[in-house]
Amino acid sequence: MCGILGIVAQTPVNQLLYDGLLMLQHRGQDASGIVTAEGNTFHMHKGCGMVRDVFRTRNMRALTGNMGIGHVRYPTAGSARSSAEAQPFYVNSPFGIVLSHNGNLTNAAQLNQELFRADLRHVNTNSDSEVLLNVLAHELQESTRNYQLDPTAIFSAVSGVHRRCQGAYAVVALIAGYGLLAFRDPYGIRPLVFGTIETEQGSEYLIASESVALDTLGFKLVRDIAPGEAIFIDENGNFYNNKECADYPTLNPCIFEYVYLARPDSVIDGISVYETRLNMGVSLANKITRTMRHLDIDVIIPIPDSSRPSALQLANHLGVNFREGFVKNRYVGRTFIMPGQQQRRKSVRQKLNAISVEFRGKNVLLVDDSIVRGTTSREIVQMAREAGAQKIYFASAAPPVRYPNVYGIDMPTRQELIATDRSDEDICHEIGADYLIYQDLESLNEAVAKVNPAITSFETSCFDGNYITGNVTPEYLNIIESQRNAEPAQSQAKFSTQLDLSFAVVD
Ligand code: AMP
C-alpha cells in the first residue's frame with residue numbers, strides 16, 4: 001500500500017505536495033518523494049523515511065514549478081529500506097516521464113522480460129512500478145509515432161497499459177512540458193480521487209489516493225476516477241478524460257481500505273470509510289445478539305485507533321459501556337512493519353499500555369479492526385489479563401485473514417497468518433482469549449455496500465482467496481511467498497542487469 005498525489009496549479013506546488021503527502025502518510029512511512037515540473041525540466045527529491053524526515057527547506061526550495069507528483073511508500077518484500085526504489089520513478093524517453101504507483105502488478109516478471117527483449121528497455125530495480133512506467137513509456141512512444149503528443153495519443157497509450165498490465169494500479173504521472181496523467185486499473189481495486197479549485201488565474205486540479213488530501217488542501221472533491229478511466233490535465237489546467245481506455249471495466253474496490261488502510265475521514269468510491277466502520281460494529285452487535293447471548297460483557301474496549309468507530313457502535317447496539325482501556329504512544333512506528341517477531345511483540349507493548357482501572361475484575365470485550373499475524377491480539381489479551389480482567393472476549397471487525405494479498409497490501413505469507421489452518425476456536429486459544437468473534441464476510445460486504453448500494457462487488461481476496469483479476473495461480477502465490485521469505489540480498493539479485501543507479505540521497 002502506498003499513497004500517491006498529483007497537482008496542476010497556477011502557482012508553485014511544492015508546499016501543496018508536501019502537505020498532501022503528510023495527509024497520506026498513514027499509507028506508507030518507508031519512503032517519500034516529490035517531483036515537480038518547470039517547463040521541460042523535472043526537479044526530484046526522494047529518499048527513505050517519512051515526509052518530515054526526507055524534505056528539508058533547501059530540498060523544498062529546489063522543487064520549483066506549478067505541476068508535480070508525490071509518493072509515500074509502504075515497504076513490501078524486496079523493496080523495504082531501498083532508496084533506489086523510492087518513488088516517483090523517472091524515464092527519459094519518450095518526452096521524459098515520472099510516475100508514482102499504488103498497487104502491485106501480478107505479471108511484473110513477464111513484463112520485465114518483454115520490456116528487455118522486445119521493447120529494448122532496461123528496468124533497473126525489482127520494483128513493479130518501474131516496470132509499469134516503462135510499459136507506459138513504450139506505449140506512449142508507439143501511440144505518438146508519426147502522430148503528435150495529444151490527449152488522444154495519451155489515452156491510447158493507457159489502453160496499451162491496460163492490455164499488458166495485470167493486477168492493481170492507481171497511477172499519477174507527469175509528461176515533461178506537457179501535463180499530468182492519472183489512471184486506475186480496469187478493476188478499480190486501489191483508490192484514486194480528484195478534485196478542483198477555481199482561482200483567479202484559472203482551474204487547479206488535485207488527484208490523490210484519498211479524499212482527505214483534497215479536504216485539507218481546500219480542493220473540492222469532484223469524484224473518483226472510474227476503473228479503466230484516464231484523466232489528463234495539461235500544464236495550463238485544461239482537463240481531458242476518457243472512460244473507455246479499458247475494454248470491460250468493473251468496479252471492485254479493495255475492502256481492506258475500509259477495514260484498516262484508509263483514514264476514517266476519507267470517502268472512497270462514494271463510501272465514507274468512517275460510516276463503514278460504524279456499520280461493521282452494528283453487524284458485530286447483531287451477530288453477538290443472535291448467537292452469543294450468553295456472553296456477560298461489562299465493558300467494550302477498542303484497540304486504538306482504527307477499531308474505535310466499530311467498537312463504539314457495537315457498544316451502543318448492545319447497550320454496554322464503551323471505555324478507552326488502552327493508551328497509544330503516537331511516537332512509535334507501526335508494529336506491523338517492524339522486522340522480526342520479537343521486535344513486533346516488544347513494539348506492541350511500547351505502543352499500547354493498559355489503564356488498569358478499566359479491566360480490574362471485569363469481563364471485557366476487546367475490539368480490533370482485524371487479526372493478521374495475531375501478535376497484537378496475543379499481547380493485548382495478555383496485557384488485559386495482567387491489568388486484572390476476569391474474562392476477555394475478542395472481536396474482529398473483519399473476517400479471518402487467510403490469504404496473501406497480491407494487489408499492493410503488505411500482508412504476511414500464509415505461514416505467518418494466524419488463521420492459516422486454524423479454526424476460530426484454535427485462533428481464540430492461540431491469542432489466549434476466552435471467546436473470539438469474527439465478522440462474517442457477507443456482513444462485512446453489506447456493511448460497506450450499504451453506504452453506496454451502487455457498488456456490488458469488492459476485492460476480498462485476503463479473506464476468501466478469490467483474486468478478482470483471475471490470473472493469480474497457486475504457483476504465483478508460492479513465488480511471491482518465497483520471495484517474501486528470502487533474504488533481501490537474494491531478492492535484490494533477481495535481475496542480473498541491475499546497476500546501482502541510486503541517486504536518492506537524503507542529506
Ligand atoms: P497482527 O495481527 O499482530 O499481525 O496485527 C494486526 C493489526 O495490524 C490490525 O489490528 C491492524 O490494526 C494492523 N494491520 C492490519 N493489516 C495491516 C497491514 N497490512 N499493515 C499494517 N498493519 C496492519
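Atoms within each ligand, like the ligands themselves, are counted from 1 in listed order. For the numbers below, each heavy atom of this structure counts, side chains included, while hydrogens, waters and symmetry mates do not.
Residue Ser306 has no nitrogen or oxygen atom sitting less than 3.5 Å from a nitrogen or oxygen atom of ligand 1, judged on distance alone. Taking only nitrogen or oxygen atoms, main chain and side chain alike, Ser377 does not reach within less than 3.5 Å of ligand 1. On a distance-only criterion, Phe256 and ligand 1 share no N/O pair closer than 3.5 Å. Between Ile409 and ligand 1, no pair of N/O atoms sits closer than 3.5 Å.
For the pair Lys46 and Phe89, the cation sits on the ring face: its NZ or CZ lies under 6.0 Å from the ring centre, inside 45° of the axis.
Scanning Arg373, Glu416, His26 for the heavy atom closest to atom 4 (O) of ligand 1 points to Arg373. When the heavy atoms of Asp368, Ile418, Asp305, Asp369 are ranked by distance to atom 12 (O) of ligand 1, first place goes to Asp369.
Judged by distance alone, the side chains of Asn252 and Ser457 do bring a donor and an acceptor atom under 3.5 Å apart. Donor-acceptor pairing under 3.5 Å is recorded for the side chains of Ser423 and Asp426.
Counting heavy atoms under 4.0 Å from ligand 1, residue Val372 touches it through both backbone and side chain. Contacts between Thr375 and ligand 1, counted as non-hydrogen atom pairs separated by less than 4.0 Å, involve both the backbone and the side chain.
Considering only residues two or more places apart in sequence or on other chains, Asp269 meets the salt bridge (Lys or Arg N to Asp or Glu O under 4.0 Å) condition with Arg184. Contacts of Glu446 classified as salt bridge (Lys or Arg N to Asp or Glu O under 4.0 Å), with partners at least two apart in sequence or in another chain: none.
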Exercise for review: Check the pair His45, Ile34 against side-chain contact (heavy atoms from CB on, under 4.5 Å), reporting the backbone distance first and the verdict last.
Suggested key: CA-CA 6 Å; His45 185 74; Ile34 290 179; 5.8 Å; no

